[in-house]
Amino acid sequence: YTNDARVRQRRLEVRFDGESGFDAASGLEAGVTRGFYADVAEALLSCDHVSGVQCAPLCPDIPSAASKVEETTSSKVADFEGAFAIHGMKLPLWIPVTPRASPQSNLGVFPRPLARQDPCMEAVKAQFRFMGRIFAAAMRDGFMFPLPLSCSFLKLVQSLYDSPYSAVESTGTMTNQPVGFSHITQGDLSLDDDISVGENSPPEPTTGSSQFGPLSPGATLCRRRVLTSLDLPRPGFLGGDVYAVEAFVCSALDKIDAGDFSQDEAEKRIRAVATDRRFARQALGKSYECSFEEYFVDKTFVDPLDPSQGQSAVCLCPNGSIRSVNIHNIREWVALAKEFILFEGVVEQALAFRQGINDFYSPNYLCLFTPHELQRDVCGGGDNVDSWTAEDVKKLFKLDGGKGAAEALVAVAAIGGEGGVTLSRRFSSSSPTIGYLVETLMKSSSTQRRQFLSFVTSVPIVTPGKIEVVPMVSPSGDFLPVGDNCLPRANTCARKLYLPKFEDFDSFSRVLWAVIREESRFKGFYEWNG
């Protein structure tokens, strides 16, 4: 689909084998295709697909797997395109879902920083190019791709600039000039300042080489780093110690440097910062007392996310694995760690993501939007499912039949047919069954709420449009009670939830979650035949 220029201009529509439904041709009635995007996003986050943060030093199966792909397919597979499905290895794609340091940031996934010479890098880049393609197709066709990408990653993707020709034909490498980061100031750009890269002066492009290896051919990069300290993981989460140390220790050392102290007095104050046992509580949000010196006793100048902190970890500087972090070199460690986490270790993934978008249209069009808008409107981020109120739940549902039901009644009457009363029956807002539905969702966990949304709309996020609640009725218009052959079901294409009549809350909750659990388990769409 992507490689055929004539085909990829058309809307992507999905139909499951053995099903007669083909749903994407009529506007919002596209439940199966919506479900495709949701299932792909879920798979890209699955523990069956993603490895832990400690990367294996070798990925020996990937090259042989790629060669198997070429042998068993009629079309050539470039590099590691599509190899994952065969070699079956878990790949270091993400830092686990964490908020950024910015107080306004939403939860989101950020690429696992890797050295460019990492043996898994080519397979990882193939996955990010695939994500870019899915993202671009969903955005173009008006769908959501509910992969919770962080605003920080989307901001980085926007900041990269293609060459004057094409992302594939040009060559470029990264600057070898050291790039410093300023410490946290009130002037740092927040994720939700609602300023897109495209609305500002373009960063100056640059070429060169880097500590972490040469950049792949594909694009020139900007000299100005767009990600700041506020884009680091938040303290208390994996990687949050970088921001915590900068805010608590580095800022204190800066004040000492700016003060008019003798050498002995300055050293005394530096020691006080290093041994202050409030560090763990105040900087990291821990429940125990621990000083910077104690907390960093085993830290070295290597990848701060790697728990080994040994020779197998990526070095931030020459001989980094044997160089310990202390109070006197902590500011250097912070600058190198930020460069690795926010740029050097993730720029290849961002470039691959842009290349995937470029397979459909120029990624520079992303600069028409802010990172927050892309996260909200394409990835579906920032919904309020975790904090639903009763009013929020009620606003999800439409109880009257709306325009469609009225037109159906007119059509039935026009041909003198029967069944109009069946079409017109609806639960009222005071109906016990509707009350049970609202109460069930109010008492449910966040996971259950997202499973409910998947069951009815095929995506686990709140999307535009209301869910129509339709009662199951007999031909004479009587509400049918729940039974073995009369259970809750949904039409994801039309966003309809079909409910039988329930007599009590306990039976409603038990039956609804039993049905949704099975649907979540099998992840299938099944045609209703009666």
Side-chain angles (χ1 to χ4, degrees), residues 19-21 23 26 28-29 31-32 388 390-444 448-449 451-458 465-522 524-530:
E19 301 281 338
S20 62
D23 60 14
S26 53
L28 295 177
E29 297 189 0
V32 177
W388 270 351
E391 283 303 310
D392 292 329
V393 174
K394 291 176 182 178
K395 288 178 181 177
L396 294 174
F397 302 112
K398 177 174 66 175
L399 301 184
D400 60 59
K403 179 181 178 182
E407 291 175 347
L409 283 170
V410 172
V412 170
I415 62 175
E418 299 180 356
V421 65
T422 301
L423 292 171
S424 65
R425 294 304 303 270
R426 288 294 185 272
F427 292 117
S428 68
S429 58
S430 59
S431 166
T433 299
I434 297 301
Y436 302 150
L437 174 61
V438 174
E439 185 179 358
T440 296
L441 292 176
M442 285 299 299
K443 292 183 177 180
S444 61
Q448 288 176 315
R449 291 172 180 178
Q451 288 176 338
F452 170 80
L453 291 171
S454 292
F455 173 66
V456 182
T457 69
S458 76
K466 290 183 177 290
I467 298 168
E468 184 179 349
V469 182
V470 181
M472 295 180 177
V473 297
S474 67
S476 60
D478 296 324
F479 290 124
L480 294 175
V482 64
D484 290 343
N485 295 317
C486 191
L487 296 170
R489 59 186 178 89
N491 182 335
T492 61
C493 299
R495 302 171 66 91
K496 289 184 178 181
L497 173 64
Y498 295 90
L499 292 176
K501 181 180 177 181
F502 287 84
E503 298 298 334
D504 60 81
F505 169 76
D506 288 339
S507 64
F508 181 93
S509 179
R510 184 177 66 254
V511 170
L512 180 68
W513 292 126
V515 171
I516 291 176
R517 273 197 307 272
E518 292 306 298
E519 286 289 329
S520 300
R521 174 185 172 191
F522 290 107
F525 289 84
Y526 303 96
E527 293 192 14
W528 184 262
N529 295 315

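Just so we're clear, the structure is a prediction, and the values are computed from it rather than from any experiment.
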Exercise for review: Indicate yes or no: at least one non-hydrogen side-chain atom of S444 is less than 4.5 angstrom from one of W388.
Suggested key: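 Result no, sub-4.5 Å side-chain heavy-atom pair not found.
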
Exercise for review: Taking the side chain as every heavy atom from C-beta outward, state whether L437 and L497 have any atom pair closer than 4.5 Å.
Suggested key: yes

How close do [X] and [Y] get, counting heavy atoms only, and between which atoms?
X	Y	answer
S474	L480	N-CG, 3.7 Å
K501	T433	CA-OG1, 4.0 Å
K398	K466	CB-CB, 4.0 Å
P500	F427	O-CZ, 4.0 Å

Revision key, fill the gap. Residues at least two apart in sequence or cross-chain that pass salt bridge (Lys or Arg N to Asp or Glu O under 4.0 Å) with E503, listed by chain then number, are none

Measuring from [X]:[atom1] to [Y]:[atom2], what's the distance to the nearest 0.5 Å?
X	Y	atom1	atom2	result
L499	Y436	CG	OH	12.5 Å
L441	L512	CG	CG	7.0 Å
F455	R517	CZ	CZ	12.5 Å
R449	I516	CZ	CD1	12.5 Å
S509	E439	OG	CD	8.5 Å
Q448	K443	CD	NZ	12.5 Å

Exercise for review: Please identify each residue that fulfils side-chain contact (heavy atoms from CB on, under 4.5 Å) with S428, with sequence neighbours left out.
Suggested key: S430, S431

Practice item. Kindly write out the residues that satisfy side-chain contact (heavy atoms from CB on, under 4.5 Å) with S507, not counting sequence neighbours, or none if the list is empty. Key: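 Counting only residues at least two positions away or on another chain, S507 forms a side-chain contact (heavy atoms from CB on, under 4.5 Å) with F502, D504, R510.
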
Check your understanding: Has the side chain of T457 got a donor or acceptor atom that lies under 3.5 Å from a matching backbone atom of L453?
Key -> yes

Check your understanding: Can M472 and R489 be said to form a side chain to side chain contact (heavy atoms under 4.5 Å, CB included), step by step?
Key -> CA-CA 10 Å; M472 295 180 177; R489 59 186 178 89; 3.6 Å; yes

Point to revise | Heavy atoms of other groups near K395 NZ, more than 12 under 6.0 Å | key: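 At most 12 heavy atoms, drawn from other residues, nucleotides or ligands, come within 6.0 Å of this atom.
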
